[in-house]
Amino acid sequence: MKILSDYHVHTSFSGDCSVSPELMIQNAIERGIRHLCLTDHMDYDYTDGGILFEFDPEEYFHRLLLLKETYTGQIDLAIGIELGLQPYLSKRHHNLVFSHPFDFVIGSIHLVHGHDPYFPSFFEERDEQAAYLEYFQCILQNLKAYSNFDTFGHLDYVVRYGPNKNRYYSYEKYREILDEILRSLIRRDIGLEINTGGYRYGLEVPNPCTEIIIRYRELGGKLITLGSDAHEPGCLASEFDRIAELLKACGFRSYYIFHNRKPEEIEL
């Protein structure tokens, strides 16, 4: 039971990655990955940490289309993007998504009212539980503002960086709002990303956690996408064997990749 599709990968087009697309693709081929989607960050107006999370879409497509041609027959390369959602950016995101032929669009929350939970300052003068709740409230605000993307990335991303991480965190504590989020995704035909970054941050579970994955299925969700959130070649498809077992235990028998924004089912 081997998953050979990684649909959340960053390259030097992302402000927090220095690995060229060529090197990432070559490493994916060496690892036996069949389906790879590069999903570089586009976080307009990112104001935390002094990092620029924007790139030139024209240059991005020019370079990646050449690479698709170069590696034809060796790997199925899709061109994606990870949008950093903020409610007031909806029109800008809409224009971007429809002005370029993306295969796959991830919607993610990195900023909560201008601050990234990645930085410890986000949790200063905040109760951890309240901070997590604020993050989930921000997800709902964004889903109401804009929903033209294919999957929701690392749904409980905030937990990676909390002072106690997931020690006191559970689906049950946030059941009401998490159910509202999951129902909103299902109603809008937006997938749920299983992001293995959680393992690398010591959570022993992916993002989102196992209980959320189970609840997504109970509510009727089917569109599962898989991503390592790799920013270096060594993280490509990391912990995907664990994810395959986890998904089967949660009742799933398949996951999805995308081409031309259309889902394609792959059996586990």
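For the numbers below, each heavy atom of this structure counts, side chains included, while hydrogens, waters and symmetry mates do not. Count residues from 1 along the sequence.
Sequence neighbours left out, the pairs with a member in residues 60-87 that pass ring-ring contact (aromatic ring centres under 6.0 Å, His included) are Phe13-Tyr60, Phe55-Tyr60, Phe61-His100, Phe61-Phe102. The ring-ring contact (aromatic ring centres under 6.0 Å, His included) pairs that include a residue from residues 181-226 are Tyr161-Tyr201, where partners are two or more places apart or lie in different chains. A side-chain hydrogen bond (donor to acceptor under 3.5 Å, both in side chains) check over residues 250-268, counting only residues at least two apart or in different chains, returns the pairs Ser5-Tyr255, Asp76-His259, Asn148-Arg261, Asp150-Arg261, Ser254-Glu265, His259-Glu264. Under the salt bridge (charged side-chain N to carboxylate O under 4.0 Å, His left out) criterion, the residue pairs touching residues 118-143 are Arg126-Glu134, with sequence neighbours excluded. Within the structure, side-chain hydrogen bond (donor to acceptor under 3.5 Å, both in side chains) pairs that include any residue of residues 87-99 comprise Asp45-Tyr88 (at least two apart or interchain).
With sequence neighbours excluded, no residue satisfies salt bridge (charged side-chain N to carboxylate O under 4.0 Å, His left out) with Glu180. Residues passing the side chain to side chain donor-acceptor pair (under 3.5 Å) test with Ser14 are His10, Asp40, sequence neighbours excluded. For Tyr169, the ring pair (Phe, Tyr, Trp, His ring centres under 6.0 Å) criterion is met by Tyr132, Tyr174, not counting sequence neighbours. In this structure, the side chain to side chain donor-acceptor pair (under 3.5 Å) partners of Glu172, at least two apart in sequence or on a different chain, are Arg175. Judged as a side chain to side chain donor-acceptor pair (under 3.5 Å), and not counting sequence neighbours, the contacts of Tyr157 are Asp116. In this structure, the ring pair (Phe, Tyr, Trp, His ring centres under 6.0 Å) partners of Phe104, at least two apart in sequence or on a different chain, are Tyr7, Phe258. The salt bridge (charged side-chain N to carboxylate O under 4.0 Å, His left out) check on Glu204 picks up Arg242, with sequence neighbours excluded.
Checked against a 6.0 Å centroid threshold, the rings of His231 and His8 do not count as neighbours.
For the residue pair His154/Glu193, the side-chain donor-acceptor check at 3.5 Å is not satisfied. Asn195 and Asn207 share no donor-acceptor pair across their side chains, judged by distance under 3.5 Å alone.
More than 12 heavy atoms of other residues, nucleotides or ligands shown are found within 6.0 angstrom of CZ on Arg215.
Between Leu143 and Phe152, the shortest heavy-atom distance links the atoms CD2-CD1, 4.4 Å.
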